[in-house]
Amino acid sequence: QVQLKESGGGSVQPGGSLRLSCAASGATDHCVAWFRQAPGKEREGVAGFYTRTGSTKYIDSVKGRFTISQDNANQTVYLEMNNLEPEDSAMYYCAAGGPWSCLQLETYGMDYWGKGTLVIISS
């Protein structure tokens with residue numbers, strides 16, 4: 001049984017940093033990705049990581065600022081977010097699923113979801 005639980009959200013000023021964590025029990029064989037949803041907007045994929053191949057995928061708007069990584073020992077997937085912008089404000093969700101959906105950052109095919117952690121970027 002896969003269970004995902006996010007943590008690490010909060011409120012920071014523009015230019016600041018946050019590290020989100022996803023405790024991903026039972027997800028060893030899955031690809032794990034971070035998605036976000038701002039009020040009034042569709043959920044979008046942010047970054048994906050597939051342990052088996054080491055493959056990663058980022059949306060263009062976060063390249064160079066966000067880094068996804070995994071600690072296999074404690075089954076945790078991290079999203080390191082630097083140089084945050086107000087446009088990054090959203091509820092961030094961790095999801096696990098097949099590698100195609102995950103590395104295409106598509107919600108379809110992501111079978112398991114956490115409940116989210118809120119990120120607010122504001123001065």
Side-chain angles (χ1 to χ4, degrees):
Q1 181 71 16
V2 176
Q3 292 185 321
L4 306 172
K5 182 174 176 60
E6 305 91 339
S7 61
S11 180
V12 297
Q13 294 185 341
S17 299
L18 283 173
R19 188 176 78 159
L20 305 184
S21 299
C22 172
S25 62
T28 305
D29 294 331
H30 293 75
C31 184
V32 178
W34 287 93
F35 292 77
R36 67 186 180 187
Q37 188 166 18
K41 294 188 177 182
E42 292 188 356
R43 190 170 297 188
E44 66 171 353
V46 176
F49 180 83
Y50 190 35
T51 301
R52 288 192 177 187
T53 61
S55 300
T56 58
K57 173 74 173 182
Y58 298 91
I59 53 170
D60 288 344
S61 62
V62 307
K63 287 181 180 177
R65 300 189 298 122
F66 290 13
T67 303
I68 188 170
S69 62
Q70 183 168 347
D71 182 339
N72 288 327
N74 61 16
Q75 298 184 60
T76 301
V77 177
Y78 300 100
L79 185 66
E80 186 77 35
M81 306 188 296
N82 298 310
N83 195 20
L84 284 160
E85 304 168 353
E87 293 74 22
D88 296 316
S89 296
M91 185 70 82
Y92 281 71
Y93 299 91
C94 177
W100 188 93
S101 296
C102 178
L103 295 178
Q104 294 294 321
L105 300 178
E106 294 285 346
T107 56
Y108 177 81
M110 300 303 288
D111 301 317
Y112 305 95
W113 292 83
K115 294 183 178 180
T117 186
L118 183 62
V119 172
I120 299 174
I121 314 302
S122 175
S123 55

What residues, two or more places apart in sequence or in another chain, satisfy side chain to side chain donor-acceptor pair (under 3.5 Å) together with [X]?
| X | value |
| --- | --- |
| R19 | none |
| S17 | N82 |
| S123 | none |

Beyond-backbone contact of [X] with [Y], side-chain heavy atoms, under 4.5 angstrom:
| X | Y | value |
| --- | --- | --- |
| I59 | F66 | no |
| M81 | L20 | yes |
| W34 | L105 | no |
| F49 | T56 | yes |

[X] to [Y] - nearest heavy-atom pair and separation:
| X | Y | answer |
| --- | --- | --- |
| A38 | S89 | CB-O, 3.7 Å |
| A47 | L79 | CB-CD1, 4.0 Å |
| F35 | R43 | CB-CG, 3.9 Å |
| L18 | G8 | CD2-O, 3.9 Å |
| L4 | C22 | CD2-SG, 4.0 Å |
| T76 | A23 | OG1-CA, 4.3 Å |

Salt bridge (charged side-chain N to carboxylate O under 4.0 Å, His left out) contacts touching residues 20-36 (sequence neighbours left out):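 Output for this query lists D29-R52, R36-E44, R36-D88.
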Single-linkage hydrophobic cluster V62~V32, side-chain heavy atoms < 4.5 angstrom: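 Yes, V62 and V32 fall within the same hydrophobic cluster.
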Y58 with V46, same ILVMFWY side-chain cluster at under 4.5 Å: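 Yes; V46 is reachable from Y58 via cluster members.
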Residue pairs passing the ring pair (Phe, Tyr, Trp, His ring centres under 6.0 Å) test where at least one lies in residues 79-104, sequence neighbours excluded: none
Backbone of G26 reached by a side-chain donor or acceptor of Q75 within 3.5 Å: yes
Give the table of side-chain donor-acceptor pairs shorter than 3.5 Å for residues 108-121, with sequence neighbours excluded, one pair per line with atom names and distance.
| unit_1 | atom_1 | unit_2 | atom_2 | d |
| --- | --- | --- | --- | --- |
| W113 | NE1 | M110 | O | 3.0 |
| T117 | OG1 | G9 | N | 3.0 |

Gap between atom OG1 of T51 and atom NE2 of H30 - 0.5 Å precision: 11.5 Å
Distance in Å, S21 OG paired with K5 NZ, rounded so as to fall on 0.5 Å steps: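 Answer for the OG-NZ pair, S21 versus K5, is 11.5 Å.
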